[in-house]
Novice: 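What follows is a single structure, and I will ask about it in a moment.
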Amino acid sequence: MIVLLTGDDEYAIQSQLNQYKAEIDFQWLSLSYHRFSDNQLDKALSVARTRSLTDGKKLVIVENCHLKQWGDPELATLQQLVQLPNSTILVFVANNVDKRLKVYKHLVKYAKLLEFSLIPPWRYDLIEQAIVSLAVKLYTNPTDNAVTAKKIKLLLSEDAVTYLAQAIGNDMTRAASELRKLSIYAQGRKLELGEVQELVPCQTQNSLQLAAAMREGKSHKVLQLLDDLLSRSEPFMVIISTLLTQFRTWLWVKSAIVSGVKKDGELAQVCNISNPHRIYYLRQEVANTNINALAGAVTMILDLEMSIKRGADGRDLLVVILGVCRLFQVV
């Protein structure tokens, strides 16, 4: 079997690799489990072509295969894919691939393509589903195979799951780690919100949450979120860039709706939003928002960005953020 794993969800990719690893007889792991870097393609294919010494499965992994680094010589090497024994599982792993390349087109003739993308950070509903699913599938150690690992039994109340989605975000690697910690504490009993809040700090306050609090005019929450971001040394320009992108998107969506654009597909195209599923949430976010306030916010944040690019030290960040927050406060 040949597989191409791509995407930015590293936890999902590692979980898939662990599933393949679990197919190998544990006592023969040192003889049947091989990892190679992208510049060792010849060696990887050579190992993959030889039959397993144990009569069982052999797993060969080639990492960092974005494919742009491979030209005609590597394409010639990949002609050997047709000669692989049935007992070999050959896996190519890449964060992203250029699907226009000849190497990619050749590879997917023989390989099963599995794509794993991170859940968008604003889709808390999907993040909650992923956390619930993860709690069911979790093992004591993600690096163990299914033969040696012990399955975790973890029960969480609904509001605890909601909190975890807010606290952890779309980082499934951290989610697995936190759930494993919770399971050790719970010892099989159901955990409620208060216990989960004590054990899992909300460290994922991010600039998107800050933007949402500003749009809602919640100055107290804005101060808490900004303090959290700065205490984690989040760069000024990263915060400002995210805020500008978010408020600009809200302004585009609100303007398009006000001007009469009704269909989601058209709205996504007009506002240059690549994921049309996001439109549903954007509509809700701008429904009760004043378009003049959004325009004012974009202007203020843009001025701040320009001043910092010209050499200002960013001390106006708090003043501007609170100023934007006041634009959305109900008088």
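Since the model is a prediction, treat every value here as computed from it, not as a measurement. Numbers for residues simply follow the sequence, beginning at 1.
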Novice: Flag the pair Leu317 / Leu304 as yes when at least one side-chain heavy-atom distance between them is below 4.5 Å, and no otherwise.
Specialist: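 In short, these two side chains touch, coming nearer than 4.5 Å.
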
Novice: With the side chain counted from C-beta on, respond yes when Thr6 and Asn95 share a heavy-atom pair under 4.5 Å apart, and no when they do not.
Specialist: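 No - every pair of side-chain heavy atoms lies 4.5 Å or more apart.
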
Novice: CG of Asp303 to OG of Ser307: how many Å apart, nearest 0.5 Å?
Specialist: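 One gets 7.5 Å once the value is rounded to the nearest 0.5 Å.
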
Novice: Would a distance-only check, ignoring hydrogens and angles, find a side-chain to backbone donor-acceptor pair under 3.5 Å from Thr242 to Val238?
Specialist: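 Between the backbone of Val238 and the side chain of Thr242 there is a qualifying donor-acceptor contact (under 3.5 Å).
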
Novice: What's the shortest heavy-atom distance between Asp98 and Tyr104, and which atoms?
Specialist: O-CB, 3.6 Å

Novice: Just by distance, no angles: are the side chains of Tyr280 and Gln284 close enough, under 3.5 Å, to form a donor-acceptor pair?
Specialist: yes

Novice: Decide yes or no for Leu164 and Leu179: does some side-chain heavy atom of the first lie under 4.5 Å from some side-chain heavy atom of the second?
Specialist: yes

Novice: Could you walk me through whether Leu229 and Phe236 satisfy the side chain to side chain contact (heavy atoms under 4.5 Å, CB included) test, starting with their C-alpha distance in whole Å, then the side-chain angles of each, then the deciding distance to 0.1 Å, before giving a yes or no?
Specialist: CA-CA 9 Å; Leu229 284 167; Phe236 283 172; over 6 Å; no

Novice: Find out whether Leu78 and Leu81 are in side-chain contact, i.e. whether some heavy atom of one side chain is under 4.5 Å from a heavy atom of the other.
Specialist: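 Yes; the side chains approach each other to less than 4.5 Å.
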
Novice: Any chance you could measure Glu10, atom CD, to Leu17, atom CG, to the nearest 0.5 Å?
Specialist: 11.5 Å

Novice: Is the backbone of Val286 close enough, under 3.5 Å, to the side chain of Lys254 for a donor and an acceptor to pair up by distance?
Specialist: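 Yes; at least one donor-acceptor contact below 3.5 Å.
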
Novice: Compare all side-chain heavy atoms of Ile308 with those of Met237 and state whether any distance is below 4.5 angstrom.
Specialist: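 With C-beta onward as the side chain, the pair touches.
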
Novice: Would Met300 and Val319 show up in the same hydrophobic cluster when neighbours are defined by side-chain heavy atoms closer than 4.5 Å?
Specialist: no

Novice: Before you tell me yes or no, could you show the steps for Ile273 and Leu267 under side chain to side chain contact (heavy atoms under 4.5 Å, CB included), namely the whole-Å CA-CA distance, both residues' side-chain angles and the distance that decides it to 0.1 Å?
Specialist: CA-CA 8 Å; Ile273 294 169; Leu267 202 57; over 6 Å; no

Novice: Between the side chains of Thr249 and Gln246, does any donor sit under 3.5 Å from an acceptor?
Specialist: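 No - no donor-acceptor pair under 3.5 Å links their side chains.
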
Novice: Do other residues, nucleotides or ligands put more than 12 heavy atoms under 6.0 Å from Gln187 CD?
Specialist: yes

Novice: Tell me if a side-chain donor or acceptor on Ser32 pairs with a main-chain N or O of Leu29 at a distance below 3.5 Å.
Specialist: no

Novice: Working note: Trp250 + Val298, criterion side chain to side chain contact (heavy atoms under 4.5 Å, CB included); need CA distance, chi angles, decisive distance, verdict.
Specialist: CA-CA 10 Å; Trp250 283 326; Val298 170; over 6 Å; no

Novice: Measure across Ala297 and Leu327 and return the closest heavy-atom pair with its distance rounded to 0.1 Å.
Specialist: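 Distance-wise, the nearest heavy atoms are N-CD1, 3.6 Å.
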
Novice: For the atom pair CG (Leu59) and NE2 (His34), what is the distance rounded to the nearest 0.5 Å?
Specialist: 8.5 Å

Novice: When clusters are formed by joining ILVMFWY residues with side-chain heavy atoms under 4.5 Å apart, either directly or through shared neighbours, do Val60 and Tyr110 land in the same one?
Specialist: yes

Novice: Got a donor-acceptor contact below 3.5 angstrom from the Thr88 side chain to the Leu84 backbone?
Specialist: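 The answer is no, because no donor-acceptor pair under 3.5 Å joins these two groups.
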
Novice: Find out whether the Lys NZ or Arg CZ of Lys58 is both under 6.0 angstrom from the six-membered ring centre of Tyr33 and within 45° of the ring's axis.
Specialist: no

Novice: Please tell me whether Leu41 and Val103 are part of a single hydrophobic cluster in this structure, the criterion being side-chain heavy atoms less than 4.5 Å apart.
Specialist: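 Same cluster.
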
Novice: Evaluate Met214 against Ile321 for side chain to side chain contact (heavy atoms under 4.5 Å, CB included), listing each step before the verdict.
Specialist: CA-CA 7 Å; Met214 291 163 65; Ile321 284 177; 3.9 Å; yes

Novice: Looking at CZ of Phe36 and CD1 of Ile61, how far apart are the two atoms once the value is rounded to the nearest 0.5 Å?
Specialist: 10.5 Å

Novice: Would you say Leu107 and Leu45 are hydrophobically clustered, going by side-chain heavy atoms of ILVMFWY under 4.5 Å?
Specialist: yes

Novice: Ignoring hydrogens and geometry, is there a side-chain-to-backbone donor-acceptor pair from Tyr20 to Val91 under 3.5 Å?
Specialist: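 No.
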
Novice: Would you confirm whether Ser231, through its side chain, and Asp228, through its main-chain N or O, come within 3.5 Å as a donor-acceptor pair?
Specialist: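 Answer holds: yes.
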
Novice: Within the distance-only criterion (no hydrogens, no angle test), does the side chain of Gln40 pair as donor or acceptor with the backbone N or O of Ser37 below 3.5 angstrom?
Specialist: yes

Novice: Where the side chain of Trp70 meets the backbone of Asn39, is there a donor-acceptor pair that is under 3.5 Å apart?
Specialist: no

Novice: Are any of the side-chain nitrogens in Lys262 or Glu266 under 4.0 Å away from the carboxylate oxygens of its partner?
Specialist: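 So Lys262 does not pair with Glu266 through a salt bridge.
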
Novice: I want to check something: taking the side chain as every heavy atom from C-beta on, are Leu156 and Lys190 in contact at a cut-off of under 4.5 Å?
Specialist: no

Novice: Can you tell if the side chain of Glu305 reaches within under 4.5 Å of the side chain of Leu243, non-hydrogen atoms only?
Specialist: no

Novice: For Lys102, is the NZ atom crowded, meaning more than 12 foreign heavy atoms sit under 6.0 Å from it?
Specialist: no

Novice: Could you tell me whether the side chain of Ser46 and the main chain of Asp42 form a donor-acceptor pair under 3.5 Å?
Specialist: no

Novice: Salt-bridge test for Arg283 and Asp264: reply yes if a basic N is under 4.0 Å from a carboxylate O, no otherwise.
Specialist: yes

Novice: Do Ser255 and Ile291 touch side chain to side chain, with heavy atoms closer than 4.5 Å?
Specialist: yes

Novice: Where is the tightest heavy-atom contact between Lys105 and Lys109, given as atom of each residue plus distance?
Specialist: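 So the two residues come closest at O-CG, 3.4 Å.
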
Novice: For Glu128, I'd like to know if atom CD has over 12 heavy atoms of other residues, nucleotides or ligands within 6.0 Å.
Specialist: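 It does: Glu128 CD has more than 12 such atoms within range.
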
Novice: Taking atom CD of Gln329 and atom CG of Leu322, what is their separation to the nearest 0.5 Å?
Specialist: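 Taking CD in Gln329 and CG in Leu322, the distance rounds to 8.5 Å.
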
Novice: Does Glu192 have more than 12 heavy atoms from other residues, nucleotides or ligands lying within 6.0 Å of its CD?
Specialist: yes

Novice: Just checking, is any N or O donor in the side chain of Asn170 or Tyr11 under 3.5 Å from an acceptor N or O on the other one?
Specialist: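 Looking only at side-chain atoms, Tyr11 and Asn170 do not form any donor-acceptor pair under 3.5 Å.
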
Novice: Closest heavy-atom contact between Gln79 and Leu75?
Specialist: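 For Gln79 and Leu75, the tightest heavy-atom pair comes out as NE2-O, 3.1 Å.
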
Novice: State whether the side chain of Thr289 and the backbone N or O of Glu285 hold a donor-acceptor pair below 3.5 Å, judged by distance alone.
Specialist: yes

Novice: List the atom of Pro85, the atom of Ala48, and the distance in Å for their closest heavy-atom pair.
Specialist: CD-O, 3.3 Å

Novice: Is Glu115 salt-bridged to Lys99, going by a charged N under 4.0 Å from an acidic O?
Specialist: yes

Novice: In the single-linkage hydrophobic clustering (I, L, V, M, F, W, Y; side-chain heavy atoms under 4.5 Å), do Phe328 and Ile257 co-cluster?
Specialist: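 Yes, one cluster joins them.
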
Novice: State the CD-CD1 distance between Gln269 and Ile279, to the nearest 0.5 angstrom.
Specialist: 11.0 Å

Novice: Looking at Val222 and Cys325, what are the two nearest heavy atoms and their distance?
Specialist: CG2-SG, 4.0 Å

Novice: Among side-chain atoms of Asp9 and Ser117, is any donor-acceptor pair under 3.5 angstrom?
Specialist: no

